[in-house]
Asker: 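Mind looking over this structure? Questions follow.
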Amino acid sequence: MRWSCQASWALSCLIFLNVSRVLAAGDQVTIILVEKKTGKPVAAAPLVLDGVRVQLTDEKGAVRLKNLDPGRHLIQVNDPEHLPFSAQFDVPAGKPLIFALDSKEEEEEEIVIRAERQKENVTQTRLEMTEVSKVAGTQGDPIKIVQSLPGVARTLAVGGSSGPGIIVRGSAPEDSKVMLDGHDIPLLYHFGGLKSILNSDFLESIDFMPGGFGVQYGDATGGVVEVTTRPAAARGFGGYAELGLLDSGFFLEGPIVEDLAFKAAARRSTVDVWLPAVIPDEPGLELTVAPVYYDFQLRLDWVPRHESRLQLLVFGSHDEMKFLLEKPPSGDPSLRGDMSMWVDFHRGILKWTQTPTSRLEWKASLSGGVDRARVGMGQQIHLHISVPNLELRLEAGAELLPSLRLHAGVISGMADFTTSMSMPRPPKEGEIPSAFPGQKLLVGEEHVFTGNLSAFTQLEYRLAEPLTLNGGLRFDWYGPPMWKYSLSPRAAARWKLRPGTLVKAAVGLFQQSPQEDELSRIIGNPQLGLERAVHYTFGLEQELGGQTRLEVESFVKTLDRLVVRDDQTFYSNRGLGRINGLDVLIRRDAPDSLFGWLAYTLMRSRRQDGPAQPWRLFDFDQTHILTLVLGYRLPQGPAGRHGYRPGWEFGLRFQLTSGNPYTPIIDNVFDADYDTYQHIPGEINSRRLPLFHQLDLRVDYTWCFDYFALSVFLDVQNVYNHRAAEAVIYNYDVTQQAYVQGLPILPFLGVRGAF
Amino acid sequence: MKRLTTVFLVTALAACESPFGPPTLVDRLRILDLRAEPPEIDLQSEKIVFTSLIGNPGAEEISCRWAVCLLNIGWVAGQIDCPSDDSLIFGTDCQGAELALSDLIAWYLEHGGQIPDELPPELEETDIPLFAGLEITAPGKVRRAIKRLRLNLEGDEPNTNPRLAGLVLEDGSPLPHPWQVKLGATIALRPLVDESSLQTFTDKDGNQRREDLLFSWFATAGSFSDRRTIWGQDSQGRRLENNRWFVDPAYSHPGPARLWLVGRDGRWGCDWLEFQVEILEK
């Protein structure tokens with residue numbers, strides 16, 4: 001008996017002492033665990049406090065701890081349905097501590113999806129919104145971060161790159177495709193690059209494929225940017241309102257009924273509120289409609305069963321500006337009268353996803369909408385376009401064998417183009433337009449109802465454990481006015497040399513229809529054929545440890561049947577192109593601390609505008625493109641119920657790129673009828689603008705309360721105010737030249753309140 | 001749709017002012033205008049009389065060639081050879097030259113041209129790419145200018161050149177004679193037009209319209225607030241043809257100066273006036 005009493009006493013003392021380490025003299029602390037995405041309490045979760053296990057959480061996700069020592073403590077949670085969690089905290093005065101946990105099920109889904117996509121595209125960079133939502137220089141607009149990825153040339157801040165678009169590995173902006181949830185969208189930015197048309201909280205990820213992409217993507221010879229929206233949260237309301245100098249908006253998300261959830265966002269520019277006040281009152285110039293833009297998104301998600309999902313996404317964008325120019329400007333005497341621009345589009349996408357087994361998935365989506373544009377310059381020049389459109393996409397993915405996977409699909413679309421125009425022919429890449437006044441106007445109306453049909457099939461075969469082969473074939477048929485079809489074979493291989501080292505290669509044929517204006521009966525040639533490109537890529541991926549990896553990829557692209565100017569038929573398919581280069585990317589993925597990447601591209605992109613024409617540089621050939629993106633989070637506590645964490649976040653972006661080539665003007669002839677000068681060009685793209693460099697910085701601070709978070713951010717573009725040379729202009733007799741300077745230092749200040 | 005935004009924005013930027021010195025300043029040899037009388041010819045005309053407006057502040061010794069050329073000025077900038085080896089040279093006097101229509105037609109037919117009995121509906125007069133050109137040669141430099149030869153083949157009332165009636169101060173008072181201004185002064189000016197010379201015509205859309213008159217301003221000293229002004233008024237009733245001449249010391253010095261006013265009617269008719277000014281010390 002004696003030893004048992006002594007043992008019991010000793011054991012009691014030990015327990016007491018251990019417990020007393022936890023329950024020392026101090027206040028009671030209530031800790032609440034909730035699920036991050038839904039806000040639901042996490043019940044029966046085992047808590048470990050300072051290395052010692054304490055009680056499980058109750059049905060409200062709470063546990064009350066008495067007599068906690070003041071100072072810093074460590075909490076750890078290893079709940080079977082959630083990812084491991086740990087955080088340090090200081091004993092709060094009189095209020096509960098709320099910690100948000102990530103569900104294991106969502107993480108697994110994400111990993112599976114990511115893994116699936118990586119198999120299908122040899123060269124692919126995925127950006128998660130959690131990583132890039134606060135990168136410097138993007139004004140909180142994550143889609144702009146694509147312009148900082150390797151292989152992407154720098155574009156103008158507004159007006160973009162001969163059209164708002166992305167210049168990928170030496171390809172023209174219209175050669176790359178931007179897709180949202182599997183369907184094309186006509187615009188990605190307001191006013192050609194000012195702000196993206198999509199709210200970042202609608203987005204889950206952005207996948208960027210600069211070349212060698214799979215057969216599920218077609219009608220593009222450059223690259224592909226695929227934007228995926230995030231499903232609406234089924235439980236727990238959340239949202240925010242935002243106010244800024246550029247625009248203001250809101251976001252709201254939450255359940256409607258069980259298994260049905262919604263998210264909505266809208267945004268409107270605020271520039272038109274203050275711009276008229278700062279524009280001087282000049283005789284002959286009247287700002288009738290200040291620049292205004294808005295966009296909206298609405299998504300509904302219905303999950304009747306775990307393996308099924310029906311989603312409806314409705315979104316739209318509108319840009320408008322109008323001013324009255326009664327007095328002719330110095331630059332062009334023919335510019336008089338109303339100058340107006342009005343561009344908008346609206347779309348709806350209905351999508352059904354079914355995953356009956358872990359080896360089979362099929363999707364069906366229907367997209368429909370209207371794209372419209374009206375541009376007017378004075379009394380003589382106008383362009384009106386209206387395009388109602390519809391597209392159906394069916395896809396299936398199946399694991400036929402453990403080593404064999406099939407991905408196939410059919411896409412069918414139709415569009416009804418109605419155009420009215422009175423305008424000179426727009427200049428093509430590589431061309432210098434003649435003086436605007438005196439150009440012959442092409443006038444007419446056109447109506448074309450067209451359709452297209454595509455089908456693709458792709459097989460992925462794991463030949464041996466380290467070696468995976470991928471081959472596919474795509475068929476495309478184009479209706480009026482072209483009436484053409486094409487076959488595009490593509491192949492790729494991945495070989496894991498050893499853990500953490502991957503060698504990859506891809507080759508493929510890519511084809512693309514000419515642009516709408518090039519096929520126009522009025523200003524183009526409806527007899528044009530498809531443009532073609534063959535991509536060759538070879539690369540290496542190497543894990544460097546510490547969540548850092550290195551990617552090196554060489555690429556070659558040969559282009560033919562490019563659309564070029566033709567004196568007889570407006571346009572013909574006689575152009576050729578050659579592009580070769582090297583991309584290097586060092587990337588660190590650590591969203592809770594330091595993350596970012598260093599990207600470098602070395603490239604040469606050339607064109608030949610017809611037989612016997614000399615080879616010349618592409619308009620946007622940038623030999624060197626260096627980009628550094630860094631972000632650092634210094635949170636001072638755990639995430640709250642609203643998902644935000646208090647504390648500081650810092651961001652930096654630095655870009656250094658070669659200047660764009662340009663064609664010098666070497667002489668001029670005075671046009672006495674219009675009091676202008678016809679410029680005589682020298683050799684096309686024979687000179688280059690100076691080197692471009694710019695530093696952007698961003699700082700965020702978030703205050704967290706129980707059910708509310710307040711964030712303030714300052715995003716400063718061009719911190720050291722370097723005025724980049726964007727273009728060359730000349731005086732009237734070409735005896736002097738000057739650079740058109742880029743944007744100066746631009747601070748953007750914003751406030752966001754979230755719940 | 002992606003190109004539309006860029007076309008609009010880039011074109012709108014053309015309205016922005018230049019970073020160079022004033023384009024109205026004639027500080028070196030420069031062709032300011034070419035006039036044809038009549039500005040629109042028909043097959044019953046006998047001749048076309050060309051005159052030139054040349055700014056030559058340095059009184060350089062110049063030689064000239066007048067030529068008729070066939071030029072395809074399209075949408076893309078390129079070489080403009082006028083005069084060239086194939087051109088019809090019809091004068092060497094820098095002040096002006098006469099072109100006999102018979103010579104023009106003979107040369108045109110010889111170089112592959114055709115003159116239809118009537119104009120096909122789809123063909124416009126501007127599709128016949130006939131130009132008159134002036135080439136001025138001075139030591140170390142060449143200046144060239146072109147002007148369209150507008151043909152009237154439809155029998156409509158032909159266009160005539162507008163007539164400028166003078167230049168006054170903005171308040172309507174006449175210019176002083178002799179006209180003297182001080183360095184650093186700003187003078188508000190208003191052009192006068194013989195409004196009976198502004199014709200009413202039928203435009204391409206079948207609407208009756210009165211000719212617009214666009215003024216170009218030049219001077220051998222100073223600068224103008226606007227390079228060009230237009231006859232008329234804005235939505236608030238402010239006159240748009242007026243202009244302000246700033247005798248900017250950066251671009252002026254005491255002594256004689258010249259000022260030119262050129263008016264164009266938008267249908268290739270034009271007229272001009274020249275003024276002598278004495279710039280005095282401040």
Side-chain angles (χ1 to χ4, degrees), chain A residues 158-160 162-165 173-174 186-187 191-192 283-284 286 319 324-333 335-336 339 341 343 345 371 373 375 377 383 385 424-427 431-434 436 438-440 515 517 565 669-673 675 678-681 729 731-733 736 738, chain B residues 1-21 23 28 30-35 72-80 82 124 126-127 133-134 143-148 204 212 214 216 226-230 232 234-236 238-240 262 264 268 270:
Chain A
V158 178
S162 71
E174 58 266 25
L187 289 175
F191 285 108
E286 182 183 333
D319 296 348
L324 177 61
L325 198 62
E326 291 174 303
K327 204 161 56 169
S330 171
D332 192 331
L335 279 181
R336 273 180 291 147
M339 306 288 164
M341 187 195 82
V343 178
F345 78 93
D371 307 341
V375 175
M377 290 188 276
L383 176 62
I385 299 175
R425 202 206 71 172
E431 291 180 345
I432 303 292
S434 62
F436 202 71
Q439 283 198 26
K440 179 173 178 174
Q515 300 301 299
D517 61 292
R565 182 173 60 93
V669 175
F670 179 62
D671 189 329
D673 290 318
D675 185 23
Q678 297 282 351
H679 287 167
I680 309 297
I729 55 173
N731 71 335
Y732 71 91
D733 62 356
Q736 294 173 274
Chain B
M1 279 182 65
K2 293 178 183 178
R3 288 186 182 179
L4 280 180
T5 311
T6 299
V7 168
F8 180 84
L9 290 172
V10 170
T11 305
L13 283 174
C16 297
E17 293 301 323
S18 153
F20 307 111
R28 47 188 181 271
R30 183 171 170 181
I31 302 174
L32 304 180
D33 198 9
L34 301 178
R35 180 168 60 195
N72 279 313
I73 296 183
W75 292 279
V76 176
Q79 294 302 318
I80 298 177
C82 187
E124 297 177 1
T126 52
D127 288 333
L134 173 63
R143 300 286 184 262
R144 293 184 292 156
I146 55 174
K147 181 173 181 61
R148 290 157 186 78
K204 288 180 190 177
D212 286 326
L214 191 65
S216 297
D226 294 297
R227 179 177 175 181
R228 300 184 190 90
T229 59
I230 189 168
D234 69 6
S235 55
Q236 298 178 44
R238 293 177 287 196
R239 299 301 306 181
L240 296 174
V262 178
R264 292 180 175 86
W268 304 331
C270 64

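Chain letters run A, B, ... following the sequence lines, proteins first, then strands; residues in each count from 1.
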Asker: I'd like to check the salt bridge (Lys or Arg N to Asp or Glu O under 4.0 Å) partners of A:D673; sequence neighbours left out, ordered by chain and number.
Answerer: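 If we apply the salt bridge (Lys or Arg N to Asp or Glu O under 4.0 Å) test to A:D673, skipping adjacent residues, the hits are B:K147, B:R148.
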Asker: Which answer fits B:L134, side chain, backbone, both or neither, if we ask what part of it has an atom under 4.5 Å from a heavy atom of chain A?
Answerer: neither
Asker: Mind listing the closest non-hydrogen atom pair of B:I80 and A:I680 along with its distance?
Answerer: N-CD1, 3.8 Å
Asker: Ignoring hydrogens, what is the shortest heavy-atom contact between B:R228 and A:D675? Give both atom names and the distance.
Answerer: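 Looking at all heavy atoms of both residues, the closest pair is NH2-O, 2.7 Å.
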Asker: Identify the heavy atoms of A:A672 and B:L34 that sit nearest to each other, and give their distance.
Answerer: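 In terms of heavy atoms, the two residues are closest at CB-N, 3.7 Å.
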Asker: For residues A:P681 and B:A77, report the shortest heavy-atom separation together with the two atoms involved.
Answerer: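 Closest heavy-atom pair between A:P681 and B:A77: CG-O, 3.7 Å.
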Asker: With a 4.5 Å heavy-atom cut-off, do A:I729 and B:F20 have their side chains touching?
Answerer: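 Yes, side chains in contact.
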Asker: For B:R144, enumerate each residue passing the salt bridge (Lys or Arg N to Asp or Glu O under 4.0 Å) test, keeping only those at least two apart in sequence or located in another chain.
Answerer: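 For B:R144, the residues satisfying salt bridge (Lys or Arg N to Asp or Glu O under 4.0 Å) (neighbours in sequence not counted) are A:D667.
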Asker: Answer with side chain, backbone, both or neither: which region of B:R35 has an atom nearer than 4.5 Å to a non-hydrogen atom of chain A?
Answerer: neither
